[in-house]
Every structure is written in C-alpha cells, then in structure tokens.
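Each chain gets a letter, A, B and so on, in the order its sequence line appears, and its residues count up from 1.
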Amino acid sequence: MRYSQLFLPTQRETPADAEVVSHQLMIRAGMIRKLTSGIYTYLPLGLRVIQKIETIIREEMNRAGAQEVLMPSVQPAELWQETGRWNVYGKELLRFKDRHGRDYCLGPTHEEVITDLVRKEVRSYRDLPLNLYQIQNKFRDEIRPRFGLMRGREFIMKDAYSFDIDEEHAEKSYWKMYDAYVRIFERCGLKFKAVEADSGAIGGTFSHEFMVLADTGEDAIVTCTSCDYAANLEKAEINPDYARDRYGKPLGSKGLPAEKRGTPNIKTVEEVTRFLRVRPDRLVKTLIFETGKEPVAVLVRGDHEVNPIKLKNLLGVETVALADETLVRELTGAPPGFTGPLGLKIRILADNDIRPMEDMVVGANEEDAHLVHVYRGRDFDVSGFADLRFITPSDRCPRCGKDILFIRGIEVGHVFKLGEKYSQAMSATYLDDQGKERLIVMGCYGIGVGRTAAAAIEQNHDQDGIIFPWSIAPFQVTVLMLQPEDSEVASQAEKIYNGLKEANIETLLDDRDERPGVKFKDADLIGIPVRITVGERGLKSGQVEIRLRRTGETDEVRLENVIEKVRGFFREPVS
RNA sequence: CGGGGCGUGGCGCAGCCUGGCAGCGCGCCUGCUUUGGGAGCAGGAAGUCGGAGGUUCGAAUCCUCUCGCCCCGACCA
C-alpha cells in the first residue's frame with residue numbers, strides 16, 4: 001500500500017475526550033473516528049487490525065470444529081418473550097417498532113436466534129455436536145459508553161454457540177473452546193489470564209473470563225501468589241478454613257448484657273465506629289434485600305461488603321436488590337442506618353465471618369440507636385451461614401490459603417456453559433439413540449474483537465505511539481522514502497517495496513511529499529513493527545536502515561540484503 | 001436516573017464575568033527557501049459562535065427552553 005493513496009488521517013494532538021491510552025492512540029493513529037456516543041467508524045488502518053484479529057479467530061474456531069454463520073442484527077420480540085428476556089434485559093436492549101407496530105430489538109447477543117435456528121433444523125443425536133459462530137456487530141445501549149472501543153454501544157463480537165447431547169459432551173465442547181481461546185489470545189500477542197467467573201443461578205454450570213492484564217482495565221481480578229487460582233471479584237470465593245482470626249474478638253470482658261446506645265443521626269459504619277469508638281470489624285451491618293420473593297436480611301462485618309451475586313446464587317433467584325427506605329421502615333420500624341438482627345421477623349443469613357464474632361455492635365431497629373455487647377445465640381439467631389461477601393486483599397486464597405493479589409484486567413473473552421436454560425425455554429430438543437426426546441445442552445462463547453484490539457494497544461505502546469504485535473499489525477513493514485523527489489531514493493524504495501510485496505509481506509510505502517521528521521513520527525505512531533528508511537545519506541554507501549519498533553534496535557543493511565534480512569524476522573518473529 | 005463540565009474554522013483552545021470589528025496555535029491551499037525525528041518566510045481559504053426563542057440600538061457574551069458530547073455518582077443500614 002502506498003501511503004499517498006491511503007486514507008490515514010493521523011493527528012498530532014491527543015483528543016480531549018479520550019481518557020485511556022488505547023483510545024487516544026487509536027484516534028491519533030487514524031484507526032477509528034467517533035460518529036456518536038459509543039459508536040465508531042473503523043478507518044482503513046483500524047479495519048486492517050480488526051480483520052487480522054478476525055482472521056486469527058476464524059482460523060482457531062474452524063480448527064476447533066466450529067462453523068461460521070451470520071445472523072441478523074434485528075431480532076423479533078417474540079423470541080425474547082419466549083425466553084423471558086424481553087422483560088429481564090432492561091434498557092441495554094434497544095427496542096423499536098416496524099411500520100406495522102411489531103416489536104423488534106437490535107441484538108445484544110444471539111442465544112434466542114441461534115436456538116430458534118437449531119430447534120428447527122436439528123432432529124437427531126446424529127446432528128450433534130454442533131458449534132456455530134459468527135463475527136457480527138452487536139448493540140448494547142450501555143449506560144455510559146467510554147474508553148473508545150473498550151466499552152462502545154455498537155461493537156464487533158465473535159459469538160459461538162455449542163449444542164451437545166448431554167452435560168458430559170457439553171463440557172468437552174466447553175474445554176475445546178477454552179483451548180481455542182487460549183490459542184487466539186496467545187496468537188494476538190497478549191498477556192492474559194483465564195479467570196473463574198460467575199455463571200449465574202442456573203445450577204451446575206461454570207464459566208471463565210479471559211482477561212488481558214492492564215492497569216486501566218475495568219475489571220478486578222483476584223489471583224493467588226502461590227497456586228494458579230484466579231477469579232474475578234464477583235466470583236472469588238472466601239474459604240472459612242483460611243479466615244484470619246485476628247478480627248472479631250471481643251475487646252472487653254465477656255457476657256456483658258446487650259445495651260442500647262443513642263446514636264443520633266449516626267448511620268454509616270464509619271460514623272458509628274467513630275462515635276462509639278470501636279473498630280469496624282466489631283460492627284455488624286444488617287442489609288435487607290428484596291429477592292423477587294420474600295425479603296431477607298444479610299449480616300456482614302462492618303469492614304466487609306455484601307456480594308449480591310453470591311446472595312443471588314445462594315437463594316436461587318433471578319435478581320436481588322437492596323431494599324428501599326419504605327420497605328426498611330416497614331420491616332424494622334426504623335430508617336436505613338439503624339437496622340439490626342434483633343427482633344427481625346424475616347429470614348436472616350449471615351456471612352461466615354460473623355460466626356466467630358462476640359460482643360458485637362448492631363443497629364437497634366430504632367431511629368438513632370445502636371446496640372452494643374450483642375451476642376449471637378443469646379440475643380438473636382440466624383438461619384444459616386454462607387460466603388456472602390466480596391473478597392478483600394487481606395483475605396487468603398480459597399484453594400491454598402496463601403496470600404492473594406488484586407490486579408486489573410480487560411475482559412476480552414468469555415466462555416460459558418449454558419446448560420439447558422435456552423433449550424428448555426424454547427424447547428430445542430433432539431431424539432437420542434433410543435428414540436427418546438431430550439433437551440439439547442448448550443454453551444456460548446464470546447470475544448470482543450474491537451476490545452481485543454484496544455487491549456493489545458493498552459498493553460503495547462510507548463510515548464511515541466502504538467507498538468503492534470506482529471500478528472495483528474496492519475502492516476508488517478513500512479518503507480520510508482525520505483526524499484521522493486530524488487530518483488535514486490525513489491527507485492530503490494520502490495524496489496524494496498516491490499520485493500517485500502513479492503515475498504508476501506504486507507508493506508506500507510511512505511511515498512508522501514513530507515519532510516522526514518513527519519514520516520518518522522507517523523511510523524512510530526501507527527506502530528508498524530519494522531521500519532526501513534531509504535534516504536540519500538544511506539544510499540551513498542549502498543545502505544538502508546532497518547529499525548524494529550519495539551526495541552529500537554537499528555541495523556544498516558546493504559540494499560541487496562534487505563529482503564532477506566526482513567524475511568528473517570518472519571522465520572522467528574519477535575513480538 | 002442524579003450531580004457537574006463543555007459545545008466558538010478540520011483539530012486543540014482563548015474571548016463570555018463587565019454586551020460594541022470573531023481571535024490564537026496546529027492543520028489545509030499557493031509560492032519561494034528548506035529537507036535523516038512533526039521546517040522557515042510570505043500570501044490565502046475557511047466559522048449562521050450546537051439549535052430555538054427572548055432582552056437590547058446592538059448578543060459568542062445576559063435570560064429561557066432544547067439538542068449533543070464528556071466526567072463523576074447511583075442508594076452497604
């Protein structure tokens with residue numbers, strides 16, 4: 001490709017509204033332009049990178065036995081009503097009507113459509129297993145799109161769906177996809193980690209997220225410093241066997257009777273600890289949750305936070321939400337801030353860390369009052385203990401008990417065992433070898449393509465610009481024709497360019513009528529791995545300069561050796 | 001949904017408080033000079049100041065409404 005013919009509008013200045021480096025560089029390097037909030041156009045350079053990633057994905061998906069399809073982005077409401085998600089999905093689902101007044105949505109995901117297809121076409125166990133995927137634009141009306149391609153509203157996603165005869169085979173399909181994902185992200189040159197993720201209330205299933213490690217990542221990951229345990233924050237378990245025992249012990253003598261203390265307008269844990277002069281780990285927070293069925297109270301230590309997902313999974317309900325003020329008053333007789341377990345008529349669940357606590361401080365269920373010297377068993381009872389809170393950095397690895405580490409990541413892929421959730425809702429069945437009708441067992445597997453590109457840049461850049469990994473670089477080599485008006489420079493640059501093209505190496509020839517400095521700056525910015533500088537100075541001694549973007553390593557190479565030298569990089573590619 | 005900020009040539013911004021010729025840097029076009037890390041000089045094109053309404057002799061500037069973009073927050077009792 002000739003730069004003079006390429007639509008590649010680079011920018012010298014960093015755009016004001018781009019916060020993260022990948023977003024800034026994608027705009028500066030002329031890869032993307034914003035159309036409107038969370039919606040972007042891919043310019044030629046950006047599209048090439050996207051297509052590189054897509055090619056890697058296709059190769060690995062096909063290798064794993066999946067077949068490509070392409071589904072519509074407009075989906076009829078009926079399918080979503082069938083699975084109940086028309087009501088559950090909320091405002092992220094962009095809905096609209098056609099001219100006849102029929103309801104439609106823009107697909108944020110395609111479980112319904114693919115399940116509809118498969119239930120109509122698959123009859124027999126002989127048709128299974130089946131794995132279908134597509135690379136397609138999704139639309140999710142995010143509350144707050146940000147960070148460019150990292151969290152857009154319209155975005156490119158690879159989504160795959162597996163269909164198997166039973167759980168055991170579905171699990172095999174799952175691990176096949178897991179392995180394919182490992183290969184995909186390795187080939188993209190990313191440093192990543194597969195972490196255990198929450199899989200929702202539908203029993204027995206499991207899930208992994210593929211996280212690209214980056215400080216700017218939106219997701220918190222918990223990893224063990226010793227074993228290979230890794231999970232996202234929502235999923236990370238807390239093993240009571242490894243609880244730190246230095247918290248929760250009584251400070252004073254045991255057995256003091258519960259005593260009411262006035263706490264005028266003192267509501268938060270911080271206020272109460274300051275006012276009553278106790279440590280937060282001697283406080284118990286009592287939170288009331290609505291569950292769609294009957295409300296429950298959850299007790300956690302003052303310095304801990306309830307993990308609603310763990311609560312949701314424990315109760316086996318679709319949603320849990322903190323009760324509003326009206327409900328709190330109704331159930332406790334006091335406004336939020338003074339809730340306690342004593343005298344509560346609803347079911348009380350406690351986090352495991354409540355179990356060893358003695359002499360605790362709780363709300364009095366009375367406005368402006370708390371109780372001190374409260375003992376479980378003597379003053380109140382709970383109906384059960386469970387792991388109900390978020391892990392903290394001072395907790396230990398649930399597997400081996402060693403220290404854990406909090407890191408941040410960008411979720412680029414998610415593999416998910418769905419089980420029979422959709423096949424049941426939409427009656428996707430097959431006949432087994434006994435002629436008996438059975439539900440198809442499903443899995444689904446997503447990769448954010450644009451997000452993968454953004455994550456790669458997040459992980460591979462310096463102050464001069466992007467440093468593309470070889471595998472996803474828009475071009476492998478750029479040839480800078482420093483003085484295009486000099487016929488010797490021009491013809492030698494053309495010769496190298498043509499030679500590289502013949503060697504099937506994607507090359508960008510910078511033949512623009514620009515000053516050398518501009519060409520150097522742009523070459524650095526757009527992050528092409530190899531730069532070949534053809535200029536008057538070097539040609540005097542029959543040489544050009546070959547420089548690696550990542551290391552800055554520079555070589556003066558004789559004209560006749562250039563192609564061979566570059567081909568050498570591909571035999572053992574340095575990322 | 002709540003709070004805050006910003007909309008002024010293609011990009012980044014000043015001007016607004018205190019109403020009176022629409023400016024600066026970068027980019028773009030032309031010419032000359034220059035040419036191995038974002039050149040210099042000279043000349044030039046380009047903005048209904050987000051939109052609508054109002055106040056005023058006069059509005060980018062003041063008032064009302066509206067649209068868009070960005071940031072923060074969204075109840076842990």
Interface residues of residues 34-42 of chain A with RNA chain B (non-hydrogen, below 4.0 angstrom)
A:Lys34, A:Thr36, A:Ser37
What is the distance from [atom1] of [X] to [atom2] of [N], rounded to the nearest Å?
| X | N | atom1 | atom2 | value |
| --- | --- | --- | --- | --- |
| A:Phe520 | B:G37 | CZ | C1' | 6 Å |
| A:Ile348 | B:A77 | CD1 | C1' | 14 Å |
| A:His23 | B:C70 | NE2 | P | 8 Å |
| A:Ile27 | B:G12 | CD1 | C1' | 13 Å |
| A:Arg512 | B:G37 | CZ | C1' | 13 Å |

Looking at A:Glu536 and A:Lys540, is any side-chain nitrogen of the basic one under 4.0 Å from a carboxylate oxygen of the acidic one?
no
Under 4.0 Å between a side-chain nitrogen and a carboxylate oxygen: does that hold for A:Lys235 and A:Glu209?
no
Pairing partner (Watson-Crick or G-U wobble, both distances under 3.5 angstrom) of [N]:
| N | value |
| --- | --- |
| B:G7 | B:C67 |
| B:C62 | B:G54 |
| B:C41 | B:G31 |

Select from A:Ile288 and A:Lys521 the residue whose nearest nucleotide in RNA chain B is closer to the 5' end of that strand.
A:Lys521
Answer yes if the side chains of A:Ser4 and A:Asp511 hold a donor-acceptor pair under 3.5 Å, and no otherwise.
yes
Heavy atoms only, 4.0 Å cut-off, all strands: where does [X] land among base, sugar-phosphate and nothing?
| X | result |
| --- | --- |
| A:Glu545 | base |
| A:Ala334 | nothing |
| A:Arg389 | nothing |
| A:Gly535 | base |
| A:Arg547 | base |
| A:Lys285 | base |
| A:Asp324 | nothing |
| A:Ile143 | base |
| A:Gly538 | base |

On the nucleotide B:C11, are OP1 or OP2 found under 4.0 Å from the side-chain N or O atoms that A:Arg28 carries?
no
What's the closest nucleotide to the side chain of [X] if the choices are [options]?
| X | options | answer |
| --- | --- | --- |
| A:Thr268 | B:C72, B:A77, B:C11 | B:A77 |
| A:Arg146 | B:A77, B:C72, B:A39 | B:C72 |
| A:Arg537 | B:G12, B:A77, B:G36 | B:G36 |
| A:Val269 | B:G36, B:A77, B:C71 | B:A77 |
| A:Arg144 | B:C76, B:C72, B:G36 | B:C72 |

One character per nucleotide, please: for nucleotides 25-35 of chain B, 5' to 3', B when the base has a protein heavy atom closer than 4.0 Å, S when only the sugar-phosphate does, - otherwise.
BSS------BS
Do A:Arg531 and B:G37 share a donor-acceptor pair, side chain to base, under 3.5 Å?
yes
Hey, does A:Ile496 have a side-chain heavy atom less than 4.5 Å from the side chain of A:Val477?
no
I'd like the C1' distance from B:C29 over to B:C69, given in whole Å.
31 Å
Donor-acceptor under 3.5 Å (A:Arg140 side chain, A:Glu92 main chain):
no
Could you check whether atom CD of A:Glu259 has more than 12 heavy atoms from other residues, nucleotides or ligands sitting under 6.0 Å from it?
yes
Is it true that, when you exclude A:Glu294 itself, more than 12 heavy atoms of the residues, nucleotides or ligands shown sit nearer than 6.0 Å to its CD?
no
